[in-house]
Amino acid sequence: MNNFTTITGILSRINFAFGALLCLISVTGLLLMANAALLIPVLLTGAVVLHSYAALQLRRSVVDPFVPLDSKTPTGIRFIGYLALLFAVVNISNGIVILKDTDAVLAQVEMPAEASQFDMHAFLRGAAVIILIFSASIVVNVLLNLLLLRKFMLENRS
């Protein structure tokens, strides 16, 4: 159980930090472009941050039994966890498409003349790998925290 909580703690902290950075970038893009279509990525990225925070609260209650778990946290871990899973699945599919057919993705993007010196092919492939790693960590974290929540609720019920 100790290794289990350590893994969820590490993943939750990484997802919280990286998700908060992505959320900040998304909000900045939303404000600069004033495009309502960017609201969905902002909300889904925010779900990753909220889930990671709730998972850290759960971990704290599991590690220290004298710290009570808020009554809304289990519902938050479940509901927000499913939104975070949706975000991860969408990003995994995007990462696979980018890795599978980078040339077709590049053909859809109109690049300025100054960008001809920059290797966009390698950049996109690197970004896709980072997206896949981050999304995989979200999936693992959500599933582990759902298991941890179930175990915590069963132990505290009796």
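What you see below is based on every heavy atom in this structure, not just the backbone, and it leaves out hydrogens, waters and symmetry mates.
Among residues two or more places apart in sequence or in another chain, the side-chain contact (heavy atoms from CB on, under 4.5 Å) test is passed with I130 by F18. Scored by the side-chain hydrogen bond (donor to acceptor under 3.5 Å, both in side chains) test, S137 finds N15 as partners (sequence neighbours excluded). For F79, the ring pair (Phe, Tyr, Trp, His ring centres under 6.0 Å) test picks out no residue, with sequence neighbours left out.
Rounded to the nearest 0.5 Å, atoms OG1 (T28) and CE (M33) are 10.0 Å apart. Note that CD1 of I80 and CG of L86 are 11.5 Å apart. Values are rounded to the nearest 0.5 Å. With rounding to the nearest 0.5 angstrom, the CG atom of L124 is 8.5 Å from the CD1 atom of I131. Separation of atoms CZ (R60) and OG1 (T5) is listed at 14.5 Å; rounding is to 0.5 Å. We find the CD1-CZ distance between I40 and F87 to be 13.0 Å, quoted to the nearest 0.5 Å. Once rounded to the nearest 0.5 Å, the distance linking CD1 of I92 with CD1 of I133 reads 11.5 Å.
In terms of heavy atoms, F16 sits closest to S52 at N-OG, 3.6 Å. A84 approaches I138 most closely through the heavy-atom pair O-CG2, 3.6 Å. Contact between V42 and S26 at its shortest, heavy atoms only, is CG2-CB, 3.4 Å. Nearest heavy-atom pair, N145 versus S12, reported as atom, atom and distance to 0.1 Å: ND2-OG, 3.8 Å. Pairing each heavy atom of A47 with each of L83, the nearest pair is CB-CB, 3.8 Å. For the residue pair R59 and G9, the shortest heavy atom distance occurs at CD-CA, 3.4 Å.
Between T102 and R125, the side chains place a donor N or O and an acceptor N or O closer than 3.5 Å (distance only, hydrogens not considered).
Cluster annotation: L149 is connected to L11 through the hydrophobic network of ILVMFWY side chains, with a link wherever side-chain heavy atoms come within less than 4.5 Å. Hydrophobic clustering places L132 together with V129 (ILVMFWY residues linked when any side-chain heavy atoms are closer than 4.5 Å, directly or through intermediates). Tracing side-chain contacts under 4.5 Å through hydrophobic residues (I, L, V, M, F, W, Y), one reaches M153 starting from L144; they form part of the same cluster. One hydrophobic cluster holds both V90 and V142 under the rule that ILVMFWY side chains link at heavy-atom gaps under 4.5 Å. Hydrophobic clustering (ILVMFWY, side-chain heavy atoms < 4.5 Å, transitive): I98 and M120 are in one cluster.
Using a distance-only test at 3.5 Å, with no hydrogens or angles considered, no donor-acceptor pair links the side chain of T73 to the main chain of L69. S135 contributes no side-chain N or O that, together with a main-chain N or O of N91, makes up a donor-acceptor pair within less than 3.5 Å.
V63 shares a hydrophobic cluster with no other residue; no ILVMFWY side chain has heavy atoms under 4.5 Å from its own. Applying the under-4.5 Å side-chain rule to Ile, Leu, Val, Met, Phe, Trp and Tyr, the cluster around L21 extends to I25.
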Could you walk me through whether F134 and I14 pass the side chain to side chain contact (heavy atoms under 4.5 Å, CB included) check? CA-CA 9 Å; F134 177 57; I14 291 170; 5.7 Å; no
Derivation of the side chain to side chain contact (heavy atoms under 4.5 Å, CB included) call for H121 and D103: CA-CA 7 Å; H121 195 271; D103 294 327; 3.2 Å; yes
Assess the residue pair L30 and L39 against the criterion (side chain to side chain contact (heavy atoms under 4.5 Å, CB included)); give the C-alpha distance rounded to whole Å, side-chain angles, the decisive distance to 0.1 Å, and a yes or no. CA-CA 7 Å; L30 177 69; L39 192 58; 4.0 Å; yes
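Within the structure, no pair that satisfies the ring-ring contact (aromatic ring centres under 6.0 Å, His included) test touches residues 24-67, not counting sequence neighbours.
For the pair V105/D101, no side-chain contact is recorded, criterion being any heavy-atom separation below 4.5 Å from C-beta on.
Each of T8, L143, I7 was evaluated against L148; a single residue qualifies, T8, per the side-chain contact (heavy atoms from CB on, under 4.5 Å) test.
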